[in-house]
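Data first, discussion second: the structure below is written as structure tokens.
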Amino acid sequence: MASNKNKSYLGDNKKKVVNRLSVIEGQINGVKRMIEDDKNYDDVITQLYAAERSIASLSKTILQEYLYSSTSNLEKEDLLKDRIKAQNM
């Protein structure tokens, strides 16, 4: 399949993905401030876990969008199942 540099594999979701990245960036900056301010260990770990889950969720969304834009239906199902399995390990 030829690549079209003008069309995003994210389609209409590109803006949503960029917004989610901004939220994640804010989470990470918040964790950095918490560490700089010597905040409670449990609170820092809780925020890091939340950021980790946000990144995992966004990764899954981006992968799904890519697969749906570039592969056949059978290939999409197999690749998605493999990726979800790998994330849950």
Residues 15-31, side-chain donor-acceptor partners within the protein, below 3.5 Å, at least two apart:
from	atom 1	to	atom 2	distance (Å)
Asn19	ND2	Lys15	O	3.4
Arg20	NH1	Thr61	OG1	3.2
Arg20	NH2	Ser57	OG	2.8
Ser22	OG	Val18	O	3.3
Gln27	OE1	Ser54	OG	3.2
Asn29	ND2	Glu25	O	3.3

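Atoms CD1 and CD, from Ile45 and Gln47 in turn, are 10.5 Å apart once rounded to the nearest 0.5 Å. Once rounded to the nearest 0.5 Å, the distance linking CD of Glu52 with CD1 of Ile55 reads 8.0 Å. The CD atom of Glu65 sits 13.0 Å away from the NZ atom of Lys14 when rounded to the nearest 0.5 Å.
Within the 3.5 Å criterion, the main-chain N or O of Asp42 finds a donor-acceptor partner in the side chain of Asn40.
Proximity of Val44 to Leu48: side-chain heavy atoms (C-beta onward) are separated by under 4.5 Å at one or more points.
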